[in-house]
Amino acid sequence: MEGEASVNKLHTQIEIKPQGQEPPPPSSSVVDNSEMDIQPEGKLPFFKSRYRQRASDTWLISLLVILHLVAFITTTLFNYFSTGSVFFQPLSENPLLGPSASTLDKVGALRRAFLVQNHLNWRFFVCPWLHAGIIHFAINISCMIFIGIHLERDYGPLRIGVIYLLSAFFGSLVCSLFVRNNPVVASSGALFGLLGTMLSGLIRNWKVYSSKGAALAALFTVLATNFLLGLLPYIDNFANIGAFISGLLLGFVILLTPQIRQMSKNKAGLFECGVKHAKSTVKLKQKLALDRPILRSISLMLFVILLSGCLVALFLGIDINHYCGWCRFIDCIPYKRWSCNDGPNTCEIMKSNSEMTLTCLYNGNTRVFPFTNISQARINDLCAMIC
């Protein structure tokens, strides 16, 4: 009986939970901070940000690169069918390893005669997509990707797209006031517009960013590299200057202050703002909010004045080179390996069965070419090369 009672005996275990004890919080690894609002104690990445890496963040720059690539391939094919033998002219003719001058004329380059005599205004919208050669294309597109991707991620494709297109058009307008009788392209102008936008973003948020010296060093390195490239033939530096001013002013008008999101130290980018105290961040945002309308109004007014002035000058056919004799050295530096001469080139032509001899009547240079069956436009290219 005692064994049976021990078998049937109920053993009840009662779990006693201490009062006031809360369940453990969930692990921090499962908290999604991708859609957090502005965090006062966060970091604002300028380059190499990792908090937003969606493919949709860079669709605009990707599209622009594709359009530039299509335009460059089209120009290369035009050059091949014009010359009948090569895709790129030798460095002695084009120091940027690109098409001939006559090919650039065909695809839409700017030249004063086209604007004043023929009124081919469609070239304003085409020349910002043209490159002077493969060297120009590689440097320009690489810099555009480097700068444009981070601007698009921080400020969105709509704002950057508007600034890009307006800067490209404004650069073409400024180019038309200085262009001479050499064909020039203005694809670098849109890049300079993005550089101006980057500078305006740094100025607007100067107290937010850390490593400002590194950011400015990167900006002016890209700026100086492409400006020096513009001292070669076929690239217009005045379009670059005009587009940079346009991007700077439009950046003050259109750009907003990027959101400050919380990031761990091991995900810090290259140029990021330091950790700010909550009160100082609120005061900074209030100050930006007060300064923004005045800054935007002044920048917009200056941009409208400059744009209107360039349009009026273009309509009147003003050539600033008549008033500024040294301005041509900003656009092209003469050198023994290329020519910046924009005057009329006249050559004496002598043809035999398999050779053609050109003699420049301006300086007496003579060159023998192993072909005779070429177009008059190609003869003008060769004449300009030896003159």
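What you see below is based on every heavy atom in this structure, not just the backbone, and it leaves out hydrogens, waters and symmetry mates. Nothing fancy with the numbering, it's 1 onward along the sequence.
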Exercise. What distance do Ser354 atom OG and Asn373 atom CG have between them, rounded to the nearest 0.5 Å?
Worked result: 13.0 Å
Exercise. Hey, does Leu216 have a side-chain heavy atom less than 4.5 Å from the side chain of Leu199?
Worked result: yes
Problem set entry | Value rounded to 0.5 Å, distance of CG in Leu250 from OG in Ser200 | 9.0 Å
Exercise. What is the ring orientation for Tyr335 with Trp338, classed by angle as parallel under 30°, tilted 30 to 60°, or perpendicular over 60°?
Worked result: tilted
Exercise. Is there a side-chain contact between Ile141 and His131 (heavy atoms, below 4.5 Å)?
Worked result: yes
Exercise. Same hydrophobic cluster for Val368 and Leu358, using side-chain heavy-atom links shorter than 4.5 Å among ILVMFWY?
Worked result: no
For this session: Check the pair Thr197 / Leu248 against side chain to side chain contact (heavy atoms under 4.5 Å, CB included), numbers first and verdict last.
Result: CA-CA 5 Å; Thr197 304; Leu248 181 66; over 6 Å; no
Exercise. Between Gly108 and Val126, what is the shortest heavy-atom contact and its length?
Worked result: CA-CG1, 4.1 Å
Exercise. Closest approach of Asn240 and Gly189, non-hydrogen atoms and distance?
Worked result: OD1-N, 3.3 Å
Problem set entry | Test item: Ser187 and Trp129 side chains (from C-beta on) under 4.5 Å apart, heavy atoms | no
Exercise. Are Leu314 and Leu316 joined in one hydrophobic group, where the rule is that I, L, V, M, F, W and Y side chains link up if heavy atoms are under 4.5 Å apart?
Worked result: yes
For this session: May I ask you to check whether Thr103 and Ser100 show a side-chain donor-acceptor distance below 3.5 Å?
Result: yes
Exercise. What is the distance from atom CG of Leu165 to atom CD1 of Ile160, rounded to the nearest 0.5 Å?
Worked result: 11.5 Å
Exercise. Between Asp331 and Asn237, is there a donor-acceptor pair closer than 3.5 Å when you use the side chain of the first and the backbone of the second?
Worked result: yes
Exercise. Taking the six-membered ring of Phe252, is the NZ or CZ of Arg204 close enough (under 6.0 Å from the centre) and on axis enough (within 45°)?
Worked result: no
Exercise. Does a sphere of radius 6.0 Å around CZ in Phe369 hold more than 12 heavy atoms from other residues, nucleotides or ligands, not counting ones at 6.0 Å or beyond?
Worked result: yes
For this session: Report yes if the side chains of Phe329 and Leu231 come closer than 4.5 Å at any heavy-atom pair, otherwise no.
Result: no
Exercise. If two hydrophobic side chains count as joined below 4.5 Å and joins carry through other members, does Ile134 share a cluster with Leu69?
Worked result: yes
Exercise. Do side-chain atoms of Arg159 reach the backbone of Leu255 as a donor and acceptor pair under 3.5 angstrom?
Worked result: no
Exercise. Taking Arg112 for the side chain and Val179 for the main chain, is one N or O donor matched with an acceptor at less than 3.5 Å?
Worked result: yes
Exercise. Quick check: does any side chain N or O of Ser176 sit under 3.5 Å from a backbone N or O of Leu173, one acting as donor and the other as acceptor?
Worked result: yes
Exercise. Less than 4.5 Å apart, any side-chain heavy atom of Ile163 and any of Tyr155?
Worked result: no
For this session: Give, for atom OG1 of Thr357 and atom CD1 of Ile349, the distance between the pair rounded to the nearest 0.5 Å.
Result: 10.5 Å
For this session: Identify the two heavy atoms, one from Leu96 and one from Ala132, that lie closest to each other, and give their separation to 0.1 Å.
Result: CD1-CB, 3.4 Å
Problem set entry | Working for side chain to side chain contact (heavy atoms under 4.5 Å, CB included), residues Ile330 and Ile241 | CA-CA 10 Å; Ile330 299 178; Ile241 296 173; 4.2 Å; yes
Problem set entry | Steps toward salt bridge (charged side-chain N to carboxylate O under 4.0 Å, His left out) verdict (Arg378, Asp381) | CA-CA 5 Å; Arg378 185 65 188 137; Asp381 292 337; 3.5 Å; yes
Problem set entry | Within-4.5 Å side-chain heavy-atom neighbours: Thr359 and Arg367 | no
Exercise. Out of curiosity, does Val312 fall in the hydrophobic cluster containing Leu115 (side-chain heavy atoms, cut-off under 4.5 Å, transitive links)?
Worked result: yes
Problem set entry | Shortest non-hydrogen contact between Pro95 and Ile135, atoms and distance | O-CD1, 3.9 Å
Problem set entry | Nearest non-hydrogen partners of Ala243 and Ser167, listed with the distance | CB-O, 3.4 Å
Exercise. Under 4.5 Å between side-chain heavy atoms, hopping through other hydrophobics if needed: is there a path connecting Val107 to Ile66?
Worked result: no
Exercise. With side chains defined as the heavy atoms from C-beta onward, is the minimum distance between Val253 and Phe303 less than 4.5 Å?
Worked result: no
Seminar exercise, completed: One should read off an interatomic distance between Arg296 CZ and Ile294 CD1, to the nearest 0.5 angstrom, of 12.5 Å
For this session: Verify side chain to side chain donor-acceptor pair (under 3.5 Å) between Ser188 and Asn226, making sure each step is shown before the conclusion.
Result: CA-CA 8 Å; Ser188 297; Asn226 287 273; 4.7 Å; no
For this session: Examine distances only and state if a side-chain atom of Asn365 and a backbone atom of Ile386 form a donor-acceptor pair shorter than 3.5 Å.
Result: yes
For this session: Go through the steps to decide whether Leu177 and Asp319 satisfy the test side chain to side chain contact (heavy atoms under 4.5 Å, CB included), and finish with yes or no.
Result: CA-CA 5 Å; Leu177 304 180; Asp319 184 5; over 6 Å; no
For this session: State whether the side chain of Asn321 and the backbone N or O of Phe178 hold a donor-acceptor pair below 3.5 Å, judged by distance alone.
Result: yes
Problem set entry | Steps toward side chain to side chain contact (heavy atoms under 4.5 Å, CB included) verdict (Met144, His68) | CA-CA 11 Å; Met144 188 180 74; His68 278 289; 4.0 Å; yes
Exercise. For the atom pair CG (Leu302) and CG (Leu307), what is the distance rounded to the nearest 0.5 Å?
Worked result: 12.5 Å
Exercise. Is the count of non-hydrogen atoms from other residues, nucleotides or ligands lying under 6.0 Å from Trp122 atom CH2 greater than 12?
Worked result: yes
For this session: Answer yes or no: is there a donor N or O on one side and an acceptor on the other, between the side chain of Ser246 and the main chain of Gly242, under 3.5 Å?
Result: no
For this session: Report yes if some heavy atom in the side chain of Met385 is under 4.5 Å from a heavy atom in the side chain of Ser92; otherwise report no.
Result: yes
Exercise. Would you call the rings of Phe124 and Phe169 parallel, tilted or perpendicular if under 30° counts as parallel and over 60° as perpendicular?
Worked result: perpendicular
Exercise. When you measure from the side chain of Glu152 to the backbone N and O of Ile61, does any donor-acceptor pair fall under 3.5 Å?
Worked result: yes
For this session: Looking only at non-hydrogen atoms, find the nearest pair between Arg111 and Pro183 and report the distance.
Result: NH2-CD, 3.2 Å
For this session: State whether the side chain of Asp236 and the backbone N or O of Val184 hold a donor-acceptor pair below 3.5 Å, judged by distance alone.
Result: no
Problem set entry | SG proximity flag Cys347/Cys383, limit 2.5 angstrom | yes
